[in-house]
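Here is the structure we will look at.
The sequence lines fix the lettering, A, B, ..., with proteins before strands; numbering per chain opens at 1.
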Amino acid sequence: MRYPFTEIESKWQKFWEDNKTYNTDLSKTEKKLYTLVMFIYPSGAKLHIGHWYNYGPTDSWARFKKLQGYNVFEPIGYDAFGLPAENNAIKYGIHPQDSTLKNIADIREQLKKMGCMYDWDAELMTCDPEYYKWNQWIFLQMYKRGLAYRKNAPVNWCPNDQTVLANEQVVDGCCERCGTTVIQKNLYQWFFKITDYAEELLDGHNKIDWPHETILKQQNWIGKSEGAEVTFKVVGSDEIIKVFTTRPDTLFGVTYVVLAPEHPLVDKITKPEFKADVDEYRESTKKLTEIERTSTVKEKTGVPTGSYAINPVNGEKIPVWIADYALITYGTGCVMAVPAHDERDFEFATKFNLPITKVILQDGTNENDELISAFTDVGTMINSAQFNGLRSDEGITKVIKYLEENNFGKGKINYRLRDWLISRQRYWGTPIPIIHCSTCGEVPVEESELPIELPYDVDFKLGGESPLARNEKYINVKCPKCGTAAKRDPDTMDTFVDSSWYYLRFLDPKFSTSAFNKELANKWAPVDMYVGGKEHSVMHLLYARFFHKFLRDIGLVNSDEPFAKLVHQGVITKDGAKMSKSKGNVVNPDEFTSKYGTDVFRMYLMFMGPYDQGGDWSDKGISGVERFVIRSYELFNLYSEIINQTSVKAKYDISVLSDNEKKIYRKLNQTLKKFGEEIEHFRFNTAIASLMELINELKVLESCSKEIQSYVLQRFASMLAPVAPHLGEECWQIIGNEKSIFQNPVVFEVDKDALIEDTVNIAVQVNGKLRATIPAPMNSEQDAVKPLVFADEKVTKFTDGKTIVKEIFVKNKIYNIVVK
RNA sequence: GCGAGAAUGGCGGAAUUGGUAGACGCGCUAGACUUAGGAUCUAGUACCGAGAGGUGUCGGGGUUCGAGUCCCCGUUCUCGCACCA
């Protein structure tokens with residue numbers, strides 16, 4: 001028999017849509033389960049294997065939970081703003097709005113063919129003014145509280161995309177999107193003050209069930225380090241240099257100070273006779289790309305400023321240099337250099353012949369031993385006045401205390417995390433709701449004026465400024481305060497703003513008088529299960545956590561974290577390489593869905609291997625899954641006459657069943673248990689393997705009573721339904737049910753009494769080597785098993801004539817005899 | 001350089017707390033059926049060996065009655081971060 005997947009799949013897709021099978025009643029919060037897959041970035045019209053791999057298995061998990069009786073909410077939406085649509089417009093002249101809406105329409109159709117249980121009434125897209133209106137509203141709430149602010153700052157600029165990038169979007173010194181080398185530029189930009197939440201973003205990691213590596217990445221990104229801020233006075237000047245150090249215990253070993261070349265103090269303290277060299281050096285570092293500058297293999301460079309500073313703890317006069325190994329973006333932009341105990345300072349001091357003073361003595365060495373490299377570990381403090389003799393790790397707190405008592409500095413915690421730059425000089429994004437007035441300055445738009453809609457007619461060509469700046473009608477407005485001519489902020493927001501709170505918007509998208517329904521958000525947030533790629537470990541997942549905490553602080557949600565549990569799916573590669581249009585190695589899912597159907601393709605993706613591991617694409621094994629699907633379908637057709645479902649009990653007493661019935665009843669329940677546990681933990685490959693194992697044993701059904709046949713098939717269908725939803729529904733119907741299996745999920749219960757086997761095979765080892773397996777009644781004690789063991793000549797062959805030293809017995813598992 | 005993870009048949013991959021290594025699937029071999037088909041079914045399939053048996057989870061040590069699993073040393077690969085003071 002052929003498996004008519006085309007008919008079956010379209011039939012059920014229509015059924016689900018007509019009956020709104022998967023619309024969730026959000027007012028019912030009992031057993032609520034909010035499952036979400038990261039929404040779609042509609043940069044093209046075609047879904048690729050990665051999309052299927054992301055959405056299919058996650059949907060199977062959600063379906064499984066629904067069959068377990070959870071009130072599951074699984075929405076879908078489109079992350080619709082962003083650069084690709086606009087780049088496309090520049091290249092081909094298609095308006096971003098037109099191409100995006102077209103893509104979304106195409107994608108929607110493909111998603112429906114995937115057969116996921118999305119609640120289509122909750123669908124959203126971020127380019128909808130009713131959505132981005134609330135981006136603007138949240139922006140204004142942040143602005144009011146000083147968390148959205150504008151400053152002139154050195155920013156990452158992509159010369160190709162002609163826009164500013166967030167630090168997170170710079171990869172290896174290149175634009176994450178187009179690969180062009182990023183340059184530094186000073187611009188007035190809008191920032192969100194995510195740094196205010198640095199400590200809480202770290203703390204919150206304890207409250208969420210996320211992959212360990214993702215939490216580590218975020219911790220690393222936030223980059224908390226504890227130490228001290230120390231003030232150095234500049235000789236013959238009122239200026240002071242503040243440095244951040246994690247090693248206050250080495251303070252007596254400071255032999256020079258380094259400023260970042262961009263540091264504003266450089267102009268003030270550089271001595272006239274050094275000015276030419278300093279300017280030249282600053283010019284040359286400016287020309288370096290991010291990659292060249294941050295390369296660790298690069299030799300250290302720098303020039304002296306001619307000024308000197310005073311080390312507060314010992315009054316020593318030390319030179320002030322500038323060098324590009326001091327980063328303007330970290331700490332204070334100034335470094336106190338301790339060559340004896342820091343590798344970079346050691347390298348620099350050696351190159352420029354600066355003094356090296358040992359202040360931490362390595363255990364087992366002498367003070368006068370020559371240093372051949374920096375000693376950075378813990379040792380004993382020397383040359384450090386009253387601190388001599390202390391262990392350096394203990395010295396840290398003592399020195400900080402001394403600094404504070406004498407007003408030389410203070411203990412300080414520093415973070416690598418920087419504020420989130422959200423301005424983009426591009427069109428296809430959320431307009432920033434600020435008006436610039438020459439007399440009133442920055443004026444926020446009234447909330448009642450929102451949304452500030454994106455005008456349709458704009459000139460997209462690249463010019464280093466936002467396309468919106470060239471739209472006279474949009475840009476020229478009257479100042480809401482004084483009424484004089486003013487201009488709108490011409491920039492748009494980073495698209496990561498859109499994705500930072502969309503999971504809340506799903507909770508009642510039609511409720512347009514606020515960003516989201518607060519009452520429902522408090523009942524349904526956080527998202528219980530969130531699934532998406534590892535590439536979002538830092539950016540999206542950190543920003544969303546920040547937003548959630550902010551929304552909590554203004555009283556809109558009562559939870560601390562947006563995503564309680566997080567799972568990353570792996571990446572599907574092709575011949576070891578990431579699939580991409582430019583490489584031309586994209587595998588088209590249609591090729592397989594048209595040949596095998598959706599269910600087979602979805603199941604094969606799940607069966608390939610561990611979900612979080614992904615893997616290299618090969619269709620080699622797909623026929624195995626196809627065979628399983630056909631065999632299942634045939635099986636149900638074989639028993640299609642079993643329609644008397646009412647006689648099926650919830651469980652049976654196995655002692656009254658025939659041997660075959662008992663065997664299959666037990667196997668079925670064992671499979672239910674195994675399958676459930678595997679799906680629960682996203683181990684789809686082994687879950688499906690357990691179904692295949694079961695079907696391999698279903699031949700004995702022939703000799704079972706109708707009741708048992710019915711019992712087994714019902715439950716088999718309930719396991720098929722999550723992993724092959726169309727097939728599951730069809731099989732459920734074949735055995736006489738009218739409703740969708742997902743509408744009356746009752747059959748996912750394991751009969752625990754049936755799980756235990758009567759007999760077990762005990763492995764008999766002699767000196768740890770397997771010599772025989774002996775069947776014995778379940779839970780037999782050693783005394784009962786022993787005679788069986790020594791009656792087996794496969795065992796005695798190895799024990800006869802030897803002395804038995806020891807016998808180890810593990811119930812139902814092992815009998816190990818140690819002989820000499 | 002720092003951090004995280006991984007390495008099991010011809011292939012994808014299975015193996016509760018250490019307890020019968022190779023589940024399930026692909027492929028392969030043989031057979032059955034046959035309107036000769038890349039369909040289906042049955043049996044087999046880690047390696048060496050005729051067999052008894054031996055050897056096997058990247059390499060080398062160790063703990064243990066027993067190690068894919070735990071500990072130490074090393075190799076290779078993947079992924080993050082990378083002059084963060």
Side-chain angles (χ1 to χ4, degrees), chain A residues 1-2 171-173 211-217 219-221 223-225 227 243-247 250 257-258 260 291 293-298 300 323-327 329-338 341-345 347-348 414-417 534-535 537-538 571 573 576 604 607-610 612-613 615-628 630-631 634 674 677-678 683 685-696 760-774 797 805-819:
Chain A
M1 188 192 291
R2 282 272 314 133
V171 178
D172 291 333
H212 179 64
E213 77 181 298
T214 307
I215 288 180
L216 280 181
K217 276 183 205 167
Q219 283 173 347
N220 185 43
W221 190 263
K224 178 180 181 173
S225 50
V243 302
F244 172 74
T245 179
T246 54
R247 295 293 304 275
T250 64
V257 170
V258 181
I291 330 168
R293 174 138 176 214
T294 56
S295 164
T296 41
V297 291
K298 189 189 136 228
K300 300 264 176 301
D324 63 2
Y325 83 90
L327 306 174
T329 49
Y330 184 77
T332 60
C334 313
V335 179
M336 61 172 229
V338 188
H341 306 293
D342 181 281
E343 282 162 26
R344 296 150 301 178
D345 299 342
E347 192 192 328
F348 192 83
N414 196 57
Y415 299 92
R416 274 165 67 185
L417 183 70
K534 279 193 185 115
E535 67 275 20
S537 294
V538 177
V571 179
T573 54
Y604 178 59
F607 187 59
M608 275 172 55
D612 57 355
Q613 208 175 288
D616 203 49
W617 172 257
S618 155
D619 60 359
K620 264 176 82 178
I622 197 165
S623 58
V625 173
E626 186 195 22
R627 272 180 211 139
F628 169 79
I630 294 172
R631 283 172 74 194
E634 286 175 350
K674 164 100 173 154
E677 285 167 359
E678 300 299 84
R683 293 191 292 253
N685 53 336
T686 46
I688 290 170
S690 73
L691 285 188
M692 289 172 166
E693 227 178 288
L694 177 64
I695 203 171
N696 288 341
V760 280
N761 285 325
I762 292 174
V764 183
Q765 300 177 335
V766 179
N767 286 346
K769 286 200 167 142
L770 182 73
R771 296 302 178 187
T773 55
I774 297 180
K797 196 168 146 189
V805 183
K806 206 173 178 184
E807 287 167 68
I808 293 112
F809 177 72
V810 180
K811 202 190 258 184
N812 299 327
K813 276 185 181 153
I814 289 279
Y815 200 112
N816 190 12
I817 305 157
V818 185
V819 297

List the residues meeting side chain to side chain contact (heavy atoms under 4.5 Å, CB included) with K806(A), not counting sequence neighbours, and say none if there are none. I808(A), V818(A)
How long is the line joining NZ of K534(A) and P of C81(B), in whole Å? 13 Å
Across all chains, not counting sequence neighbours, the ring pair (Phe, Tyr, Trp, His ring centres under 6.0 Å) partners of Y815(A) are F809(A)
With sequence neighbours left out, the residues meeting ring pair (Phe, Tyr, Trp, His ring centres under 6.0 Å) with F607(A) are none
What distance, rounded to whole Å, do you find between the two P atoms, one in A15(B) and one in G66(B)? 26 Å
Might you list the N or O atoms of the protein lying below 3.5 Å from N or O atoms in nucleotides 39-46 of chain B, with each pair's distance?
from, atom 1, to, atom 2, distance (Å)
U40(B), OP1, R627(A), NE, 3.4

Tell me the interatomic distance from E535(A), atom CD, to G80(B), atom C1', rounded to whole angstroms. 13 Å
Which part of the nucleic acid, if any, lies within contact of G576(A), taking any heavy atom under 4.0 Å across all strands shown: a base, the sugar-phosphate backbone alone, or nothing? nothing
Specify the separation, in whole Å, of atom CD of E693(A) and atom P of C24(B). 6 Å
With sequence neighbours left out, the residues meeting salt bridge (charged side-chain N to carboxylate O under 4.0 Å, His left out) with K620(A) are none
Looking at every heavy atom in both I814(A) and Q765(A), which two are closest together, and how far apart are they? CD1-NE2, 3.8 Å
Do N696(A) and R631(A) have side-chain heavy atoms sitting under 4.5 Å apart? yes
Rounded to whole Å, CD1 of I622(A) lies from P of C26(B) at a distance of 12 Å
Determine which pairs satisfy salt bridge (Lys or Arg N to Asp or Glu O under 4.0 Å) with at least one residue from residues 686-696 of chain A, sequence neighbours left out, and list them in order. K667(A)-E693(A)
Can you tell me how far P of A85(B) sits from CZ of R247(A), to the nearest Å? 11 Å
Please identify each residue that fulfils salt bridge (charged side-chain N to carboxylate O under 4.0 Å, His left out) with E626(A), with sequence neighbours left out. none
Those residues that, when tested against K797(A), pass side chain to side chain contact (heavy atoms under 4.5 Å, CB included) (two or more places apart): none
Value in whole Å for how far the P atom of A85(B) lies from CE of M336(A): 12 Å
Could you pull out all residues at least two apart from T573(A) that satisfy side chain to side chain contact (heavy atoms under 4.5 Å, CB included)? V571(A), D616(A)
Let me have RNA chain B in dot-bracket notation, would you? Count Watson-Crick plus G-U wobble pairs, both distances under 3.5 Å, and use [ ] for pairs crossing earlier ones and | for inter-strand partners. (((((((..(((......[....)))((((((.......))))))(((....)))..(((((..]....))))))))))))....
With rounding to whole Å, what would you report as the distance between U45(B) and U35(B) at their P atoms? 32 Å
Do nucleotides 47-56 of chain B as a string where each nucleotide becomes B, S or -: B if the base has a protein heavy atom under 4.0 Å, S if just the sugar-phosphate does, - if no protein is that close. -----SSSS-
Calculate the interatomic distance between K217(A) atom NZ and A82(B) atom C1'; express it in whole Å. 15 Å
Would you measure the distance from the C1' atom in U8(B) across to the matching atom in A46(B) and give it in whole Å? 10 Å
Starting the side chain at C-beta, find the nucleotide from A85(B), G25(B), C83(B) nearest to A326(A). A85(B)
Expressed in angstrom and rounded to an integer, what is the separation of Q219(A) atom CD from C2(B) atom C1'? 15 Å
Give me, pair by pair, the N or O atoms of the protein and of nucleotides 13-20 of chain B that are less than 3.5 Å apart, along with how far apart they are.
from, atom 1, to, atom 2, distance (Å)
G13(B), OP1, Q613(A), NE2, 3.4
G13(B), O3', N685(A), ND2, 3.4
A14(B), OP1, N685(A), ND2, 3.1
U17(B), O4, K813(A), NZ, 2.5
U20(B), O4, N761(A), O, 3.4

